[in-house]
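In what follows, every heavy atom counts, from backbone to side chain, and hydrogens, waters and symmetry copies are set aside. Residue numbers run from 1 in the order of the sequence given. Indexing begins at 1, ligand by ligand and atom by atom, following the structure's order.
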Amino acid sequence: SGEVDNSSKDEFQELLQTLEQRLNWDGQRLIKYNGFWLLEVLFRPMLSAQNNFKAKDTDVILSTMPKSGTTWLKALTFSIANRRLFTIDQSPLLTSSPHTLVPSLEFNVYWEQENPDLSNIPSPRIFATHMPFNILPDSIRESDCKIIYICRNPLDQFVSHRHFLLENKIGKEADPLDVDEAFDMFCQGIHPCGPFWDHMLGYWKAHLENPGKVLFLKYEDLKEDITSQVKKIAEFMVFPFSPEEEEQGLIDHITRLCSFESLSNLAVNNTGNINGLVKNSSFFRKGQVGDWTNYLTPAMAERIKKLMDSKFGNSGLMF
Ligand code: A3P
């Protein structure tokens, strides 16, 4: 464990200078790395994770693009993994943010430290990341740890992200661009973790190659039938619900605890922030499918549809 030393700081600055840069529509700096536009603030922590994170076979890694259901998936997987340790009434989710209980590699674990000691975290450790599949630390791909990916209809993801960034005003250096310009950048793939199609396809292909390693979920499917999705997640985590647990209604208790209504009404999720940048409350807006219709035109939707048709091709991925 240790602070970032000066020689690695210099190397980092040198690397940064070789990369293409853009401002996101909200003024935050993006850099292009291995084909993906990444928020510059998260780049050093991502490299630290790449260099130093050692996955254990029992780890569970939650991978998402921002605004695709990360908070929900964190709450669900935490509850599934720890259900024999805490009753629902005593769940740590009642008093801690899902983002505290399931830390993000780049936003929490490696945010300030280049190589923190993670050995004391009890198994199964659950971490989240927004890293594209090809940028993940090698040990995540090479160990027997599990990866759970969740994604969401890009139109809803775009609208959700726009609200989130406007609410948090992180990119202070510029006036935010209007929705048309922001959408145009999104369609060009220039957005945090973009292009969205490559982020999704990376995990989709990994899932097709090895479904026991990568579970591929969609926000819309969780909204439609949370019970069957929670069962599926638990089976994938090799911790399926027993018949007794099912009879006791444990799946329902977990889905209710982790619902938008329940989590968004807890004081811990209504107050405070992460790293002084992101309000806890901003992770809970509407939690609905199809909210894009209130903000985007049919022509915009058509543009995304054509984009998805051409990018997803016959991969089998669709929304
Ligand atoms: P909206 O902005 O459309 O409401 P992330 O957790 O990846 O940052 O994504 C945030 C999105 O998920 C927001 O979408 C938020 O409201 C929604 N969300 C957060 N918690 C949820 C939950 N428990 N159930 C369903 N949706 C949830």
- Query: For Asp138, what residues pass the salt bridge (charged side-chain N to carboxylate O under 4.0 Å, His left out) criterion, not counting sequence neighbours?
  - Reply: Arg141
- So, Arg84 and Glu245, do they make that salt bridge, N to O below 4.0 Å? yes
- Distance-only polar pair, side chains of Asp117 and Ser119, donor-acceptor under 3.5 Å: yes
- Arg125: partners by salt bridge (charged side-chain N to carboxylate O under 4.0 Å, His left out), with sequence neighbours left out: Asp59
- If you measure from SG on Cys193 to CZ on Phe36, what distance do you get to the nearest 0.5 Å? 8.5 Å
Exercise answer, ligand 1 polar atom pairs (N/O) under 3.5 angstrom:
from, atom 1, to, atom 2, distance (Å)
ligand 1, 2 (O), Ser160, OG, 2.6
ligand 1, 2 (O), Arg285, NE, 2.7
ligand 1, 2 (O), Arg285, NH2, 3.4
ligand 1, 3 (O), Arg152, NH1, 3.4
ligand 1, 3 (O), Arg152, NH2, 2.9
ligand 1, 3 (O), Arg285, NH2, 3.1
ligand 1, 4 (O), Lys286, N, 2.7
ligand 1, 4 (O), Gly287, N, 2.7
ligand 1, 6 (O), Thr70, N, 3.3
ligand 1, 6 (O), Thr71, N, 2.8
ligand 1, 6 (O), Thr71, OG1, 2.5
ligand 1, 7 (O), Lys67, N, 3.1
ligand 1, 7 (O), Ser68, N, 3.1
ligand 1, 7 (O), Gly69, N, 3.1
ligand 1, 7 (O), Thr70, N, 2.8
ligand 1, 7 (O), Thr70, OG1, 2.6
ligand 1, 8 (O), Lys67, NZ, 2.5
ligand 1, 14 (O), Arg152, NH1, 3.2
ligand 1, 14 (O), Ser160, OG, 3.3
ligand 1, 16 (O), Arg285, N, 3.0
ligand 1, 16 (O), Gly287, N, 3.3
ligand 1, 23 (N), Cys258, O, 2.9
ligand 1, 23 (N), Phe260, N, 3.3
ligand 1, 26 (N), Tyr219, OH, 2.7

- Message: Listing request: all ring-ring contact (aromatic ring centres under 6.0 Å, His included) pairs with a residue in residues 238-288, at least two apart in sequence or in separate chains.
- Response: His99-Phe283, Phe164-Phe283
